[in-house]
Amino acid sequence: MNSPGHRSGRLALHWQILIGLLAGAVAGLTARGLLDPEATQRFAKTWIEPIGQVFLRLILMVVIPLVFSALVLGVAGIGDVRKLGWLGLKTFLFTLVFSSASVVIGLVLVNVVQPGMRLSEESRLKLTERYTKDVDKTKDQAKKAKTPRDTLLDIIPKNPLQEMVGALDGSSPGGGMLAVMFFALAIGTAITVAGDRTQPLIAVLEGVYDVVMVVIQFAMRLAPFGVAAMVFTLTAELGLEILRTLAWYVGTVIVGLAIHMFVVYSAVVWSFARMSPRRFFGRITEVMLTAFATSSSNATLPTSLRVTEENLKVPRDITSFVLTVGSTANQNGTALYEGITVLFLAQVFGKQLGIEQQLTVVLMAILAGIGTAGVPGGSLPLVVLVLQTIDVSPDGIGIILGVDRLLDMCRTTVNVTGDIAVAACVQGKGGQGGVASG
Ligand code: ASP
């Protein structure tokens, strides 16, 4: 998603965004120090904030077709689990275990460290007042208190189109975005069963997906300005405090990713592949560095295929399935990051999330792990989406976008290492074959 910025002669997009963050922060702090606070805030609200909104709305505009096509294609790409037999089932199970572990680590950490609570009560109140009014209004009219039974039932939509229409403003009659995701999963699974007859449908969805990615690329070109505008508005109002809070957030994500990588992967690789974690990480360093440098699971795929076959001696019938599907469908670093990010922003905006909403975040983060494109910044549209779903202002994305590239490098490394760990575990003990590809 950063590709437009990579054209030669132009500064890469992530640098432009970082510069946007710094420029917005410096301008905001200066304005706060030199000018009348009320006039500055009025100015920011009238003239600067809309620039951030243009960027955000361009992304929101395509988020429903993106999620739908990405999820259907992600599931359809896994293929008919029955045909793949053991290989498909084992891959699916390990993916599920890794993703769930990652989201749990993320949620525990963000609840313990509470990076978003580093903001003073006064600042939080200001933010809450400013950003959550509209959302709360829609929420109130849309959500009559639901019983847990209805909440679960609502995940299965009666009318998927109606759910899509209301998913972004909380006015859908049932489960909203989760129901849309369920619908996509059902269609994807059905495609794998229906087989070749559905090729035209897959081609259409691939077309939709490609077009949506282009729109997002256009929107991302505005990101440096959008981020500068959003950060200006925030720092003019809250000063340095918001930047300090951001540092806590970055630290929390990096610690979470490190725990997942070095504790969970190590334990699982040791137990199921009978491989010492040192040997495992030692042999795939090249892949980890490539993922870190490119921030793209897809771009790292050729390296991870080669290294996993050559250095870990995992046979090709396993790598070609597990790693290829995994580069889009198994992104547990991303799932962990999304969980932390969404709850962090909820804390920043003073939004108390009940257990039901936290579970929604868990589920959506796991599903988003399947629907996220393996490209730089691939998960950002989904973060915006989850924020909308739990009624936290999507403007929050402006706070985190400036530091996202660093986190993207780290989470992509975890994503790709996770795919290789699944491949090693699917292969099983002793390092030789052991799996029938059916
Ligand atoms: N850059 C990530 C990947 O390629 C996706 C994301 O989390 O943005 O795996």
Side-chain angles (χ1 to χ4, degrees), residues 1-6 12-14 17-18 59 62-63 66-67 70-71 73-74 77 95 98-99 102-103 105-106 209 212-213 216-217 219-220 223 227 249-250 252-254 256-257 260-261 265 284 287-305 322-342 344-345 361 364-387 397 400-423:
M1 214 162 284
N2 278 0
S3 50
H6 285 296
L13 184 60
H14 56 272
I17 296 179
L18 190 64
I59 290 191
V62 288
V63 100
L66 169 69
V67 169
L71 264 183
L73 292 172
T95 301
F98 277 147
S99 299
S102 73
V103 180
I105 291 175
Y209 180 81
V212 163
M213 291 306 273
I216 293 180
Q217 277 186 4
M220 288 305 284
V227 168
Y249 155 75
V250 171
T252 311
V253 175
I254 290 179
L257 290 173
H260 190 59
M261 177 103 136
Y265 288 169
I284 61 163
V287 185
M288 291 165 65
L289 289 175
T290 312
F292 189 77
T294 59
S295 290
S296 166
S297 300
N298 291 356
T300 312
L301 185 59
T303 316
S304 57
L305 283 169
V322 178
L323 299 184
T324 311
V325 171
S327 70
T328 356
N330 174 36
Q331 302 207 341
N332 32 81
T334 292
L336 184 150
Y337 148 85
E338 282 182 6
I340 293 187
T341 302
V342 169
F344 162 72
L345 290 174
V361 174
M364 289 192 83
I366 293 178
L367 289 173
I370 302 178
T372 296
V375 297
S379 50
L380 292 172
L382 290 136
V383 172
V384 174
L385 176 74
V386 184
L387 288 174
I397 195 94
I400 57 152
L401 214 49
V403 291
D404 189 64
R405 182 63 178 206
L406 171 67
L407 299 182
D408 200 1
M409 294 163 94
C410 300
R411 66 183 183 255
T412 307
T413 310
V414 175
N415 288 343
V416 173
T417 309
D419 298 337
I420 301 179
V422 171

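Values in this document were obtained by computation on a predicted structure and should not be read as measured data. Residues take their numbers from the sequence shown, with the count starting at 1. In each ligand, atom 1 is the first atom listed, and ligand 1 is the first ligand listed.
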(request) Could you tell me whether the side chains of Asp404 and Tyr337 share a donor-acceptor contact shorter than 3.5 Å? (result)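 Per modelled atom types, Asp404 and Tyr337 side chains form a pair under 3.5 Å.
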(message) Which heavy atom of Arg411 sits nearest to which heavy atom of Ser379, and what is that distance?
(response)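 Minimum heavy-atom contact is NH2-OG, 3.3 Å.
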May I have every N or O pair linking ligand 1 to the protein at under 3.5 Å, one per line with atom names and distance?
unit_1   : atom_1 : unit_2 : atom_2 : d
ligand 1 : 1 (N)  : Ser295 : O      : 3.0
ligand 1 : 1 (N)  : Val375 : O      : 3.0
ligand 1 : 1 (N)  : Asp408 : OD1    : 2.7
ligand 1 : 1 (N)  : Thr412 : OG1    : 3.1
ligand 1 : 4 (O)  : Ser297 : N      : 2.8
ligand 1 : 4 (O)  : Ser297 : OG     : 3.3
ligand 1 : 4 (O)  : Gly374 : O      : 3.3
ligand 1 : 4 (O)  : Val375 : N      : 3.4
ligand 1 : 7 (O)  : Thr334 : OG1    : 2.6
ligand 1 : 7 (O)  : Ser379 : OG     : 2.9
ligand 1 : 7 (O)  : Arg411 : NE     : 2.6
ligand 1 : 8 (O)  : Gly378 : N      : 2.9
ligand 1 : 8 (O)  : Ser379 : N      : 2.9
ligand 1 : 8 (O)  : Ser379 : OG     : 2.9
ligand 1 : 8 (O)  : Arg411 : NH2    : 3.0
ligand 1 : 9 (O)  : Ser297 : OG     : 2.5
ligand 1 : 9 (O)  : Asn415 : ND2    : 2.8

(request) Please name all residues satisfying ring pair (Phe, Tyr, Trp, His ring centres under 6.0 Å) with Tyr265, sequence neighbours left out, ordered by chain then number. (result)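 Once residues adjacent in sequence are excluded, the partners of Tyr265 under the ring pair (Phe, Tyr, Trp, His ring centres under 6.0 Å) criterion are Phe98, His260.
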(request) Please list, chain by chain and in numerical order, all residues satisfying side chain to side chain contact (heavy atoms under 4.5 Å, CB included) with Met288, sequence neighbours excluded. (result)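 Per chain and number, Met288 pairs via side chain to side chain contact (heavy atoms under 4.5 Å, CB included) with Met261, Phe281, Ile284, Thr413, Thr417.
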(message) Suppose we screen for side chain to side chain contact (heavy atoms under 4.5 Å, CB included). Which residues come up paired with Leu18, at least two apart in sequence or across chains?
(response)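 Testing Leu18 for side chain to side chain contact (heavy atoms under 4.5 Å, CB included), a comparison that skips the adjacent residues, returns Trp15, Leu21.
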(message) Quick one, Thr341 with Tyr249, criterion side-chain contact (heavy atoms from CB on, under 4.5 Å). Give me CA distance, side-chain angles, the key distance, then yes/no.
(response) CA-CA 8 Å; Thr341 302; Tyr249 155 75; 2.9 Å; yes
